[in-house]
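It should be emphasised that the depicted structure is a prediction, and the values quoted were computed from it without experimental measurement. Order of appearance sets the numbers: ligands from 1, and atoms from 1 within every ligand.
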Amino acid sequence: MEFDIADASLAEAGRKRIAWADRQMPVLAAIRERFAKETPLKGQKIAACLHVTTETANLLRTLRDGGAEVIACASNPLSTQDDVAASLVEHEGIPTFAIKGEDNESYYRHLNACLDAHPTMTMDDGCDLVSTIHQERPDQCGEMLAGSEETTTGVIRLRAMEADNALKYPIVAVNDANTKHLFDNRYGTGQSTLDGIIRATNVLIAGRTVVVGGYGYCGRGIAMRAEGFGAQVIVTEIDPLRALEAAMDGFRVMPMLEAARVGDVFVSATGDRDVLARRHFEVMRDGAILANSGHFDIEIELTALSEMAVDVREVRPSVEEYELSDGRRILVLAQGRLVNLGAAEGHPAAVMDMSFANQSLAAEWLVQNATGLEARVYDMPSEIDAEIARLKLESMGIEIDKLTPEQEEYLTSWTVGT
Ligand code: ADE
């Protein structure tokens, strides 16, 4: 078996942490148990380009128990947990190509190693597999049954491919399932981003001004949790509806250039480039902390910051200090990459439980339905989404009410008014 990991001796530590995460993933565990009996993925070879974390390991075990041959690589150069990669290879027999801190060349070498295995399905987090296949290995499109995409940025790229008539096989947008983005993007990103900032810096959040760039579900989660820690939160937006929502949720809303003058901690979560750029660095306070929670490391204009800096040094793990010519220091966390995965452990397992239940059931649904699908981006079937919500509630011991027959009738009638 071919693989590329940092250190096989970390495998035992990885196994313990994977088992710990599994305790918080009851919905995925139930799917795994059923998959082991029914093997709905038999005959498929799945290339998974995901953050190699304990939660992902439990997803990969589920796909493998479902009968698929699984090969994994990292979806971000900084997010790999090396002990998990080691355990996947040593204990699970899953070929894994992922090393924390790998450079761009290794990142794409690993991704291509997965594609050299000639998968029949792709599972992406950010669309790098799909984009590489379509641009560099187009002959392999014909070998693909289907794929799935985990994150907002990936779905945006896929929709652009679809609009260009470039997409050559069907993909399910797992991100767009309600049981994914309403929870993972909001509560997962909210908690893990604050976790990353705190682990990296150990700064007190209470009393600080935290500026959140973007008020999608990730931004909402970050703003909510920063407020919970006692920060004064400012939101910046380009979308009037989202800006209005932020204002009515009680946050101050203003352009980034104004926020840049008063913020202590800045977090970007927009999916677009240069949210924090040269003109902002020029007016920031000494000691401003910059973090990114968007998928790619493009949200902080690091090339401009490097040009402005007279010195750059690592002052703590995951914290680089850029000293500017006027003496101000700007601190960048996790090299501007996803701070929650670069400086902490990513979203907690309890929320990834739903995201990865979606991934597993998307794979099953695609195998069952792929022959009738076109080369388009598909939503998760709403019945599967609802079933995951039901199972999650059940696992949390939460019961809910049922409509009485009278209530059902009332909802379908139009004759009764005041
Ligand atoms: N994305 C965000 N958090 C994650 C995690 N813990 N595992 C895999 N992907 C993630």
Check each N or O atom of ligand 1 against all protein N or O atoms and list the pairs under 3.5 Å, with atom names and distances to 0.1 Å, one per line.
| unit_1 | atom_1 | unit_2 | atom_2 | d |
| --- | --- | --- | --- | --- |
| ligand 1 | 3 (N) | His347 | N | 2.8 |
| ligand 1 | 6 (N) | Glu55 | OE1 | 2.9 |
| ligand 1 | 6 (N) | His347 | N | 3.4 |
| ligand 1 | 6 (N) | His347 | O | 3.0 |
| ligand 1 | 7 (N) | Thr53 | OG1 | 2.7 |

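Put simply, the side chain of Glu149 does not reach to within 4.5 Å of the side chain of Val130, judged on heavy atoms. In this structure, Met308 and Arg278 have side chains that are in contact, with non-hydrogen atoms separated by less than 4.5 Å.
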key: Candidate pair Asn185 and Arg220, rule side-chain hydrogen bond (donor to acceptor under 3.5 Å, both in side chains), full reasoning   = CA-CA 9 Å; Asn185 299 23; Arg220 287 174 217 195; over 6 Å; no
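In this structure, Phe3 has its ring center no closer than 6.0 Å to that of His110.
Screening Thr152, Asn175, Thr151 for a side-chain hydrogen bond (donor to acceptor under 3.5 Å, both in side chains) with Lys180, the sole residue that qualifies is Asn175.
A side-chain N or O of Asp184 and one of His347 form a donor-acceptor pair less than 3.5 Å apart.
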